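Working notes for the structure below.
Within every chain, numbering begins at 1; the chains are lettered A, B, ... in the order of the sequence lines, protein sequences first and strands thereafter. Fair warning: this is a prediction, and the values are worked out from it, not measured in the lab.
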Protein chains: 2
Amino acid sequence: MDLEKQISALNNPVRRDILEWLKDRSNFPPALPEHADLEGVCVGYIQEKTGLSQSTVSNYMGLLKQAGFVVSERHGQWTFYRRDEDRIRAFLAAFRDLML
Amino acid sequence: MDLEKQISALNNPVRRDILEWLKDRSNFPPALPEHADLEGVCVGYIQEKTGLSQSTVSNYMGLLKQAGFVVSERHGQWTFYRRDEDRIRAFLAAFRDLML
DNA sequence: TTCTAAAATCGAGATATTTCGATATATGGA
DNA sequence: TCCATATATCGAAATATCTCGATTTTAGAA
């Protein structure tokens, strides 16, 4: 639990948007048929929605992952990212304790 | 409620420390007799505890104030800062909604 | 009014973040 | 094996943050 890294990851509006979008898969285009059974969203779809460059979004996903807010799973040439709800909740609890 | 400004204000370990210290007046030296009835802590005491320069801490307190986490009250040549618990709570609620 | 002390503001150098395009790596298919 | 596609990594320019010392402002006291 690295609060510094977590707050830093959230200190960017696009990264916060990504975390919010990932709450609901329907914020992105439908998965390819061969990915129908997989959880998470591939980097390409996230990139498209942000309008930023591929390298920027790849970097952003790495920061969110290091912060523990998302997990990734590789399937073939695609990397699928999804929220880690447990760790998000744990962060919120720690953050609340810090603030109150 | 400017979430951007608020998260940004929290994206610094010393500013987070200051907010925590302000939870309890006894984290600082006792108030001068003529300030015994006042709430809050003067900038000098906060500066002393951080070990940073006067201008840096004055700037930090301004950022925390703009974020709504503290309020200030001037008495003579001293400015006393204290936490705004209501606005801290409101921020936490909004932040929680964003994250969950 | 003049001096002193507290705090705020200003200007600048050092460091960190943002964001890109280019390149590298990994994987599946022809 | 060679190619195409998805993602990751690298290097750099633009911008923002951090932090300082110097200066200014504010207020009380001599």
Strand contacts (DNA chain C) in residues 50-64 of chain A, 4.0 angstrom heavy-atom criterion:
A/Leu52, A/Ser53, A/Ser55, A/Thr56, A/Asn59, A/Tyr60
Does A/Lys65 reach the main-chain N or O of A/Ser72 with its side chain, forming a donor-acceptor pair under 3.5 Å?
no
Inspect the surroundings of CZ in A/Arg96 and state if more than 12 heavy atoms from other residues, nucleotides or ligands are less than 6.0 Å away.
no
Does the B/Arg15 side chain pair with the main chain of B/Ser8, one donor and one acceptor, at a distance under 3.5 Å?
yes
Give a yes/no answer on whether the side chain of A/Asn12 brings an N or O atom under 4.0 Å of OP1 or OP2 in C/dT18.
yes
Using a 3.5 Å distance criterion without hydrogens, assess whether the side chain of A/Gln6 forms a donor-acceptor pair with backbone atoms of A/Ala67.
yes
Sorted by number, residues from residues 65-76 of chain A placing a heavy atom under 4.0 Å from DNA chain D are A/Arg74
Can you confirm whether the side chains of B/Thr56 and B/Ser53 place a donor and an acceptor under 3.5 Å from each other?
yes
Could you check how far CD1 of A/Ile46 sits from C1' of C/dT19, rounded to whole Å?
17 Å
For A/Arg16 and B/Glu4: C-alpha separation, side-chain torsions, deciding distance, then whether salt bridge (charged side-chain N to carboxylate O under 4.0 Å, His left out) applies.
CA-CA 10 Å; A/Arg16 290 195 299 272; B/Glu4 182 67 35; 2.5 Å; yes
Let me check something: do B/Phe95 and A/Trp21 share a hydrophobic cluster, defined by ILVMFWY side-chain heavy atoms less than 4.5 Å apart, either directly or through other members?
yes
Rounded to the Å, how far apart are B/Gln47 CD and C/dA5 P?
15 Å
Check each residue of residues 29-37 of chain B for a non-hydrogen atom within less than 4.0 Å of any atom in DNA chain C, then write out the ones that pass by number, or none.
none
Expressed as a whole number of angstroms, how long is the span from A/Phe28:CZ to D/dA6:C1'?
16 Å
Measure from the side-chain N and O atoms of A/Asn27 to the backbone N and O of A/Asp24, and report whether any donor-acceptor pair falls under 3.5 Å.
yes
Ignoring hydrogens and angles, answer whether the base of C/dA7 and the side-chain atoms of B/Gln77 contain a donor-acceptor pair closer than 3.5 Å.
no
Measure from the side-chain N and O atoms of A/Glu73 to the backbone N and O of A/Phe80, and report whether any donor-acceptor pair falls under 3.5 Å.
no
With a non-hydrogen cut-off below 4.0 angstrom, is B/Tyr81 in contact with a base, only sugar-phosphate, or nothing?
sugar-phosphate
May I have the distance from B/Ile7 (atom CD1) to C/dT17 (atom C1'), rounded to whole angstrom?
16 Å
Checking A/Arg83 side chain against A/Leu19 main chain: does a donor-acceptor pair fall under 3.5 Å?
yes
How are the rings of A/Phe69 and A/Phe91 set to each other: parallel, tilted or perpendicular (split at 30° and 60°)?
perpendicular
Between A/Arg16 (CZ) and C/dT18 (P), how many Å, whole number?
11 Å
